[in-house]
Number of protein chains: 2
Amino acid sequence: MTAEVKPAPLQLTERQEARRRRILHASARLASRGGFDAVQMREVAENSSVALGTLYRYFPSKVHLLVATMQDQLQHMHEALRKRPPTDQDAAARVAQTLMRAFRALQREPHLADAMVRALTFADRSVSPEVDTVSRLTTAIILDAMGLEGPPTPEQLSAVRVIEHTWHSALITWLSGRASIAQVKIDIETVCRLIDLTAPTPSSR
Amino acid sequence: MTAEVKPAPLQLTERQEARRRRILHASARLASRGGFDAVQMREVAENSSVALGTLYRYFPSKVHLLVATMQDQLQHMHEALRKRPPTDQDAAARVAQTLMRAFRALQREPHLADAMVRALTFADRSVSPEVDTVSRLTTAIILDAMGLEGPPTPEQLSAVRVIEHTWHSALITWLSGRASIAQVKIDIETVCRLIDLTAPTPSSR
DNA sequence: ACCCTCACTGGAACTCGTTCTAGGCTAGCG
DNA sequence: CGCTAGCCTAGAACGAGTTCCAGTGAGGGT
């Protein structure tokens, strides 16, 4: 009945690591073409030279696969952003700048963005751990941009969560054509004001 | 000509209106039981004594159906909220209070909430008009809670959008078990500070 | 060398959203 | 009345995600 799903080998062999990469690559490529719908499990399997069953051993569902794809992409983005950190004086401005930069990166592959974000918000409890990882990555990016010295206060963490919420949701409204880029920009800037509000760093502590 | 999709009869007969109600009712009932997955089109059709094809004539997809269900529920909630408007002195607090009240209402039927919200964020362009309606309803609720006198400024509208983003996204994280209610409350309260921040009201600042 | 385990393969099978078809019913109109 | 348009019904059919199964092969332990 309740099949005890293998907890996925913690240590992958080289061949397995290669398979995993091929799968993620195929997933991203298909997603770039036609978004969520274009990522068809059979096709991902074929394109990565892996049997369908194997694909499901690596990623137990399409949503898992796409969320993992997002993790992958976020890693890259995080590194790219690290290399050219925002320069603005103001923390809020730095965060807004960073997010808009990320936004423009996603704009270049709107279908891929669509697939990943849709998967992310469609994910149910069974994907929580993976979604959480994505969330932590996003948090890390924002905290980096804030460039604060000490550890963030609970207040700041809440502000960061709100910014993340806004970021995801704004992305969705843009992807589904219900908001313009200008509007997204304004909303991002609006929400980033919370940073100044929760951290007038210069004197306290 | 191009795709000849019936634009849905603008004026429904009484029997048709009754059918529509039955469908929405069945949809909500099934959703309350088991969330998104439990809303199966065949079953909705059976439970509302309507042929599958007819169901699809009324709601062209499962997502359309669930978004319409959400419209319906939001209407009710809006009315309920109107009857007992929040009392707090502070606009931000009133909005936070209202949203938490709505939140607790959704808590009572977490599966239903899950189904509706998942549908909402999963919706693609073809559902934009309906999603937009839901968005407008939510906006109306928030603006009501703000209780402002004149028309809202663009700044305020942006703040309201951000609050909506946060609301949806926080709801999702709670539904997928990645955030506690306490956390949602904090985040809602955090984002509501934007209201005071953008308000041209004759108070401080 | 031999065997055993276990991941991988190819493909069938099942579910559920969605579409399509053929026929029946109703309402309005001559 | 009888006719014509639509709307509705029952049910088959199709597509994509997911599961299952029998067989194969390669690495590790003996």
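Since the model is a prediction, treat every value here as computed from it, not as a measurement. So you know, we letter chains A, B, ... as the sequences are listed, proteins then strands, and number each from 1.
- How far OG1 of Thr69(A) is from CG of Leu65(A): 4.5 Å, rounded to the nearest 0.5 Å.
- Between Tyr58(A) and dC8(C), a side-chain N or O to OP1/OP2 separation shorter than 4.0 Å is present.
- Regarding contacts with the backbone of dT9(C), every side-chain N or O of Arg57(A) stays at 4.0 angstrom or more from both OP1 and OP2.
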Report summary line: Scoring nucleotides 10-22 of chain C by protein non-hydrogen atoms under 4.0 Å (B base, S sugar-phosphate only, - none) yields B--B--BBBB---

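- In this structure, CZ of Arg22(B) is placed 10 Å from P of dC8(D), rounded to the nearest angstrom.
- Electrostatic pairing of Arg136(A) and Asp132(A) counts as a salt bridge here, judged by a charged N lying under 4.0 Å from a carboxylate O.
- A side-chain donor from one of Ser169(A) and His165(B) sits under 3.5 Å from a side-chain acceptor of the other.
- Between the side chains of Arg178(B) and Ser176(B), at least one donor N or O sits under 3.5 Å from an acceptor N or O.
- Atom CZ of Arg33(A) and atom CD of Glu43(A) lie 8.5 Å apart (nearest 0.5 Å).
- Contacts between residues 120-127 of chain A and DNA chain D, defined by a heavy-atom separation under 4.0 Å, are absent.
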Can you pull every protein N or O that's under 3.5 Å from an N or O on nucleotides 24-29 of chain D?
none

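- Straight-line distance from the CD atom of Gln16(B) to the P atom of dG6(D): 14 Å, rounded to whole Å.
- Atom CD of Gln107(A) sits about 10.0 Å away from atom CG of Leu171(A), to the nearest 0.5 Å.
- Between the side chains of Ser135(A) and Glu164(A), at least one donor N or O sits under 3.5 Å from an acceptor N or O.
- Residues Asp144(A) and His78(A) have side chains that bring a donor and an acceptor to within less than 3.5 angstrom of each other.
- The two atoms that bring Leu175(B) and Arg125(A) nearest to each other are O-NH1, 2.6 Å, heavy atoms only.
- Residues Gly35(A) and Asp114(A) share a closest heavy-atom pair of CA-OD2, 4.1 Å.
- Regarding Ile23(A), its CD1 atom lies at a distance of 11 Å from the C1' atom of dC8(C), rounded to whole Å.
- Remark: aromatic rings of Phe36(A) and Phe122(B) are close, center separation under 6.0 Å.
- For His64(A) and dT19(D), the NE2 to P distance is 11 Å, given to the nearest whole Å.
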